[in-house]
Peer 1: 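I have a structure here, written as structure tokens, and I will follow up with some questions on it.
In what follows, chains are A, B, ... by sequence order, proteins preceding strands, each numbered from 1. Everything quoted here is computed from the prediction, not taken from an experiment.
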Amino acid sequence: MKQKIFSFVSLFIIVIAIWYLAALIMNGNQLINNLERKNQEWTYQQVISQAYEVKRPMLPAPHQVGQELIKSIIDKPVTSKRSLIFHAQITLNSTLLGFVFGSLLGILIAVGIVNNKTLESSLMPWVIASQTIPILAIAPMVVVVLGAINITGVIPKAIISMYLSFFPVTIAMVKGLRSSDKLHEELMHTYSASAKDIFWKLRWYSAQPYLFASLKVAIAAALVGAIVAELPTGAQGGLGARLLSGSYYGQTEQIWAALIVAATLGSILVWLVGLAEKVLLRRRGELTHA
Amino acid sequence: MLAVAEQTTLTEPSLTVKPKREMISVQDLSLVFPSKDGDVHALSNINLSIKSGDFVSFIGPSGCGKTTLLRVIADLERPTSGSLKVNGTDAEDARLNRLYGYVFQAPALLPWRNIKQNCALPMEISKQSDAHKNKQIDKYLQMVGLQDFHNKFPWQLSGGMQQRASIARALCLNPDLLLMDEPFGALDEITRDHMNIELLRIWSETQKTVVFVTHSIDEAVLLSTHIVVMSPRPGRILKVIESPLPRLKTLALRDRPEFHALASEIRSALAHEHAID
């Protein structure tokens, strides 16, 4: 535990140090360019002292992002449109909805593929092709098409989350549902078990470790999908909308603050799936080491 | 601790032996596994008859087809030629009617089910009532000495306990025929002795037919009424020896000359074949 904390803290310090250095170089260059354009004299001392206090910096320093985070999380009420919590919660809604539907769809497709050879050859290429299309190209179309039939709000965003999150679940579950121990399959055979019994009493459980591994990927993908879906839709709320308005107005602190909230939210979601995995699979003795 | 209790009951032979009928009948059975480097004759011209209530051991070196023959009886492999009747029907029907219980070399317990739920599995599949399930599980877990471990998961038990649980699971369906593939192969000798004596007791109490694969001569002598000596390349039966020992044996019997005589008869049958090899 001590060692864990130590390695986490050391890496954190290294990242912050690199960040400060990068901010100095990028913002410093910007400062030097501005000063030279105005034919003003400059010294390195001047640049170093000002690099971390530029308005609209190219790369805000960690403490500037920190200030923005405090301003938009703690200082604003949760209901305010300037509160990052408000936006995070909007993104979370479509993330979770998309994740649930995506996981169910992923499992459903995998069950189909495992039980039917023709489905495997007919469906699998489409499943893979679906993921080679950039989500940024698909997202606006989905939003526009659904908007035309009066479906707006959380649903189009959830559909894009679903589009991204079903894939890892399908791939993992196809493998998981086929991963049952040969000995256990023979055991079921000696009981002359039906296909239904073999699925529900053996394959489904054998697939669970694979399922949880893929759910961790899926929930992170669902979050990305929700944020991407908020970018082109002119959405009023959500972390994506916050990123977009930040880039419109050159508010880099706002962009970085939104990114940090998104990353934190993603980590929490993945951790929660991991927790569910532990609780559900611990008794199998396979996770005693974890 | 279990063996001590056994010995008193074992001295009283069960007198109500059911009339014997033919449980397994094998005629000219062969099984060939085709492979790139030529066909492998796993079983060649097997003829064998096993009567109900018998305890029959298949013994021989690895590759002699003893496990394969058991798997053919269980309909886990299909013979290439020849005929096989299990309880008067073919092997597939016997399996579909859940006539036999199969005990694998490994316990093959489902890791996500506790011991009780594992034992319930075959009865869930054959759709038996909860009351019946509970009664059977209690009875057979008691019989294998695991009544206090019913809510433990497989990984919480030792290898010997896991194998006992798998035997209880096979018994829960109350099959007429028990097919056992080196069930105690992975156990230490002390546990193995316990298990052998328990198996003898269960067999004598239930009057089931047992077909038992082993590569231990002592185990075959201690358990069997009939010993089928097999040989590899191609897998075939060398000799079927009917045991002159009583049906109900004790561990003490191992020090008796009759025991050694039978063991040496098996050994010489095996050795004779190896001399030719």
Peer 1: Does the side chain of B:Asn87 pick up a donor-acceptor pair with the side chain of B:Thr89 at under 3.5 Å?
Peer 2: no
Peer 1: Please classify the contact of B:Ala108 with chain A as side chain, backbone, both or neither, using a heavy-atom distance under 4.5 Å.
Peer 2: both
Peer 1: Thinking salt bridges, do B:Asp54 and B:Lys51 make one under a 4.0 Å N-O criterion?
Peer 2: no
Peer 1: Determine, for B:Glu92 against B:Lys85, whether the closest basic-nitrogen to carboxylate-oxygen distance falls under 4.0 angstrom.
Peer 2: no
Peer 1: Would you say CZ of A:Phe199 has more than 12 non-hydrogen atoms from neighbouring residues, nucleotides or ligands within 6.0 angstrom?
Peer 2: yes
Peer 1: Parallel, tilted or perpendicular: which one describes the rings of B:Tyr102 and B:Phe104, with boundaries at 30° and 60°?
Peer 2: tilted
Peer 1: Holding to side-chain hydrogen bond (donor to acceptor under 3.5 Å, both in side chains), I want the full list of residues that pass it with B:Gln128, two or more places apart in sequence or in another chain.
Peer 2: B:Ser126, B:His132
Peer 1: Is the B:Phe55 to B:Phe212 ring centre distance short of 6.0 Å?
Peer 2: yes
Peer 1: Side chain, backbone, both or neither: which part of B:Leu179 has a non-hydrogen atom closer than 4.5 Å to chain A?
Peer 2: neither
Peer 1: If contact means a heavy atom pair closer than 4.5 Å, which residues of residues 184-196 of chain A contact chain B?
Peer 2: A:His184, A:Glu186, A:Leu187, A:Met188, A:His189, A:Thr190, A:Tyr191, A:Ser192, A:Ala193
